[in-house]
Amino acid sequence: MSGREKIKCVVDTDAGTDDAQAIAMLLASPRVDVLGFTTVHGNTNTKQVCVNLLKLLRVLNREDIPIFLGAETSLLGDVKESGDFHGTDGLGDMKDIEPVDITKIRTETATEALSRISKENEGDLTLIAIGPLTNVATAIRRDSGFGSRLKQCYIMGGNYYGKGNSKNICAEFNFFCDPEAANIVLNQLSCPITLVGMEVCFDNPFTWDMHKSLRGIDTNTGRFFKLMEQDIIRKWPSYIPCDEYAVGALLNPKGIIRNSKEVFASVELKGEHTRGQMVIDWYEVLHKKPNVTIVTESSSEALCEMIKTAMEEKSII
Ligand SMILES: [Ca+2]
């Protein structure tokens, strides 16, 4: 992607403290035009995701961007326990925050909005999926042309070391929340997919000094994120950005992506212990065309600089 090209995008999110920071990065870039947010279960329930977004967009002065309510359960109808890693509300249980106006949430559903916006911006829309993939899979199933109208899709999700997170043995949280949806998206979304999996995030944590450099920034945005982490940060053994790496890879591929590989990837649906784990055909045993570009090495320093710029309320060019 050229440096000057305008990026039109929709963000599918379960906001999420890392989603919030990734969105702050996106909105700090004058090259980006966010056409909407679609919400999904994951870090908290879907209605609370909308409330979290309203809080964030108010601080970022971007309440003009529409929010669409999406899937409240996985395709099979279950909801995974998200724990309190991001706080019980997914956004750090911030106190002393003015209530938000939930009537601003649009009546059009997330799936309808994804389909419509892809038609209005055929060939020119980037989908950024940073939560469980239920909305995206539903859009594919209801609208067979959806994927082929997208320019590209950036996903944070999946893993390949076989180490799980968030109370599951082998799967990454977003894929674990809706394995069928992740399987549908990887196998049926007919557009280029760039995937930031769990490994590239866990292998590139921020040092606590890097984190401190972000949270000392005294702007409205900086203070919001400091408050957001105030009650949850002590539970975190290390500081690991996740969704931020996916947005970083989109905005600054040369700085963020140190290495990547085109592979065929799918998602295990039946494993006794491995349900929800991404499976990569590293040795091309299946003779299938690669369906994702997976980011395998990244730069925490470059990402930290981008987040710092967003916290300072400056422009990420
Ligand atoms: Ca997320």
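Every number for a ligand or one of its atoms is a count from 1 in the order of the listing.
Listed by first and then second residue, the ring pair (Phe, Tyr, Trp, His ring centres under 6.0 Å) pairs involving residues 216-238 are Phe85-Trp236, Trp236-Tyr239 (not counting sequence neighbours).
Under a hydrophobic-cluster definition in which Ile, Leu, Val, Met, Phe, Trp and Tyr are linked whenever side-chain heavy atoms come within less than 4.5 Å, directly or via other members, Val100 and Met228 are assigned to the same cluster. Residue Leu186 is grouped with residue Phe146 when hydrophobic side chains (ILVMFWY) are merged at heavy-atom distances under 4.5 angstrom, including chains of intermediate members.
Side-chain N/O atoms of Asp178 and Thr134 include a donor and acceptor closer than 3.5 Å.
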Walk me through it: do Asp89 and Lys55 pass the test side-chain contact (heavy atoms from CB on, under 4.5 Å)? CA-CA 12 Å; Asp89 71 349; Lys55 288 178 186 171; 3.8 Å; yes

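The residues Glu120 and Arg116 are annotated as salt-bridged, a charged nitrogen and a carboxylate oxygen being separated by less than 4.0 angstrom.
Residue-and-atom listing of protein N/O/S atoms under 3.0 Å from the Ca ion (ligand 1), sorted by chain and number: Asp14 OD1, Asp19 OD1, Asp19 OD2, Ile130 O, Asp243 OD2.
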